[in-house]
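Data block below; observations after.
Naming convention: chains lettered A, B, ... in sequence-line order (proteins, then strands); numbering from 1 in each chain.
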Amino acid sequence: MNLAIPTPRAPAQPPRPRVSGRAALIAGLLLLTLIGGAASVYRLFTGLGPTTALSDEVPWGIWIGFDFALIAFSGAAFTMAGLVYILQRESYRPAMRPAILFGLLGYIAVLVLLLLDLGRWDRFWSFFINWNVHSPLFEISWCIVLYSTVLMIEFSPQLFERLGKERPVRWVYRIVIPLVIAAVTLSSLHQSTLGTLYLNMPYRLHPLWYSPILSLLFFLSSIVAGLAVTLLIYPLACQIRGKPVAEGIPAGLARGAAWMLLLYALLRLGDMALAAELPALFALDRFSLLMWLELGLALAAMAIFFSRERERRGWQRVGALLALAHVLLNRFSATLFAQVAPEGASYFPHALEWLSTLGVLAAVALAWYLGVRMLSIFDSHSHAKFHH
Amino acid sequence: MSNAMLIDLTRCIGCRGCQAACKQWHDLPAESTRNLGSYQNPPKTSGKTWTLISFDEITVDGQLDWVFAKRQCMHCQHPACASACTVGALHKTADGPVAYDAAKCIGCRYCQYACPYDIPAYEWDQTLGLIGKCDFCVDRQAAGLEPACVKACPTEALVFGKRSDLLAEARRRLARTPHNYVQHIYGEHEAGGASMLYLSSVPFASLGFPTLAAEPATAYTELIMRQTPGIALGVAAGASAVYWIIRRRQMMQEQAAAPATVTTAESAEEVQS
Ligand code: SF4
Ligand code: SF4
Ligand code: SF4
């Protein structure tokens, strides 16, 4: 049988100066990955004491901060799959595969960072057999493992098409709807439970952040992050592959992010007002300034996404970066900056924490770039062939 | 009714016999520490020091009081550490102790965040570290013995017994010599109550005991976590419904327009299916 799957075009030959720039970038990412890998191995065989600045007062540091932010960023995968398959906005399909690739790599990185942080990483599997259904972290662990599996299946056509294997692709498309429903369900659960995680710390998390609707806020902000990530990486993937950006996709994503941010900001401010915490917002102490910074980033992103500038590539990028900075800062506030730590607490990340984290992030960027170059990243009409 | 301990700070002479007995019974290693200008040593409880006498100089109404207070896990009635633990390594036993099963622990340190008393401590100097905290001598209790610290205490500042009996005893003391005490049994209601009950001559806040509501710290979390199956089903059902409705609407639109517009392979297939 003749396979009608078009193999991806070889990337257009870019002009010479850009090749060397790109090569330098790849070499840099590779170097960071290797250094980070070595640092991580050293950490695993040395223990947390000598390799981190963590303590009984500050038991979680930048690994967990970046980890939780990366989970939100990787929400790009379920957001885009849900948009295309559940809401059936076919026009967004070209942006879906880059987002799913990013999500898969993101979750792999999440697992690596979690492993680095576990004191007993040698028995990370303990939660498979030892259950505690009250524990947010128990639910999150299960969801992440199950969702990573779902993501691998969702991703697999990008690889199989590239290899010219039609049968597994057809198999995936036969179950794609239940698969995406599972993806959306598992994501809704653990993205929101990452907020529930803080609800048993009423004495540790500052009242401006502590809220009974944290679960909802974390879920909504993961969609914001997912849209913003896609807004950044879809045009990038087009550029890498020398394809035109499908007009309307970035602006549409920006519009979606704007409404999500509005809902999110209203809920957050409304919740503060209801809890009579607005005075704390004007206390002008460390916490109120941090909250202003957080809110400022979100509101600035929202303003850009609501304005006419959302049609312009440059402003889209600025808006997406602001939105992602907000989500990153928010997750760091919850784990670190807005924690009222016990007396004597101080934390400045150890060099090894930085190196391993940078290594993991660089590996994600590198793997995504290579994936975009080599995989079937733009839909090859398999869905039209198999999905009915 | 489970077991508890009444800790009467007015009877403590600061001999630290309990602190030493605890180390001995549990075979806990010595700690490298330094002099902080106080008898309190080491400065705080840790994975190697599960109980510790704190020394505080407190002035109340111009009256200087040197207060010794035994610190350790409170063995909460609704332990937040156990509720939070990823793998259920911590749990409240029927006898009262909040016990720790080291064989399950993955060292995630979530329990450290959940505990409102900052008690669980991690073994930072170990390659594969675990959590350390007072276990209320769960092994001795199972053998019908009192905890090692209680046995060591020469002044009966520590009393072991049923929680209800000890609460009654505490109330008796507060009533008999009210001038000796602040009228507060710390641990009776704090964060849903604890197995460790304290009496003191000075306000507990002045000793650095956290001021906690009577509501267990786990209330919201457990309320939401209990909804997990419902949320999962709801999201899955909702997503399926949305998919089905939109799909149907699209198919009907396409059917209505079908004769004129069946041009692409995709829409032709959809009409057939
Ligand atoms: S004091 Fe802390 S460690 Fe002890 S039972 Fe209560 S929550 Fe757990
Ligand atoms: S560190 Fe161990 S005891 Fe504490 S929450 Fe994690 S698995 Fe449970
Ligand atoms: S053994 Fe008793 S008297 Fe001595 S320090 Fe401990 S509680 Fe106080």
For each of B:Ala80, B:Ser83, B:Pro43, B:Pro216, tally heavy-atom pairs with chain A at distances under 4.5 Å, and name the one with the top tally. B:Ser83
B:Thr218 versus A:His134: any side-chain heavy-atom pair under 4.5 Å? no
Quick check for you: among B:Cys85, B:Gly208, B:Pro116, which has the greatest number of heavy-atom pairs under 4.5 Å with chain A? B:Cys85
Describe, in one word, how the ring planes of B:Tyr220 and A:Tyr210 are oriented to each other, choosing from parallel (under 30°), tilted (30 to 60°) and perpendicular (over 60°). tilted
Candidate list A:Asn132, A:Asn130, A:Ile129, test side-chain contact (heavy atoms from CB on, under 4.5 Å), partner B:Val87, passing option: A:Asn130
Can you name the nearest heavy-atom pair linking B:Thr86 to A:Ser141, along with the distance? CG2-OG, 3.9 Å
If you look at every heavy atom in B:Tyr113 and A:Val58, which pair is closest and at what distance? OH-C, 4.2 Å
Given heavy-atom pairs under 4.5 angstrom as the criterion, report whether the side chain, backbone, both or neither of A:Tyr203 touches chain B. side chain
CZ (A:Phe138) and OG1 (B:Thr228) are apart, to the nearest 0.5 Å, by 10.0 Å
Whether A:Trp60 side chain and B:Cys108 backbone form a donor-acceptor pair below 3.5 Å: yes
Between B:Leu130 and A:Arg120, what is the shortest heavy-atom contact and its length? CD2-CG, 3.8 Å
Where do A:Arg123 and B:Leu128 land on the side chain to side chain contact (heavy atoms under 4.5 Å, CB included) test, with the steps shown first? CA-CA 10 Å; A:Arg123 12 167 138 120; B:Leu128 296 167; over 6 Å; no
Which atom names give the shortest non-hydrogen contact between A:Ser215 and B:Ile224, and what distance separates them? OG-CD1, 3.6 Å
Distance-only, no hydrogens or angles: does the B:Thr221 side chain make a donor-acceptor pair with backbone N or O of A:Asn200 under 3.5 Å? yes
Heavy-atom cut-off 4.5 Å, strictly under: side chain, backbone, both or neither for A:Leu205 against chain B? neither
Would a 4.5 Å heavy-atom cut-off, applied to side chains only, mark A:Thr193 and B:Met225 as touching? yes
Smallest separation among heavy atoms of B:Ser240 and A:Ile181, with atom names: OG-CD1, 3.3 Å
Can you tell me which of A:Thr52, A:Leu137, A:Asp56 forms the most heavy-atom pairs within a distance under 4.5 Å of chain B? A:Asp56
A:Pro136 and B:Tyr110: which non-hydrogen atoms are nearest, and at how many Å? CG-OH, 3.5 Å
Tell me, out of B:Glu123, B:Arg226, B:Lys44, B:Gln126, who's got the most heavy-atom pairs with chain A below 4.5 Å. B:Lys44
If only atom types and distance count, is the side chain of A:Gln88 paired as donor or acceptor with the main-chain N or O of B:Tyr243 below 3.5 Å? yes
Please step through side chain to side chain contact (heavy atoms under 4.5 Å, CB included) for the pair A:Leu189 and B:Val235, ending with a clear verdict. CA-CA 9 Å; A:Leu189 282 182; B:Val235 173; over 6 Å; no
Test item: B:Arg109 side-chain N/O and A:Asp117 main-chain N/O as donor-acceptor pair under 3.5 Å: yes
Counting only heavy atoms closer than 4.5 Å, note whether B:Ala191 contacts chain A via side chain, backbone, both or neither. neither
Among A:Ser192, A:Gly119, A:Ala341, single out the residue with the greatest number of heavy-atom pairs under 4.5 Å to chain B. A:Gly119
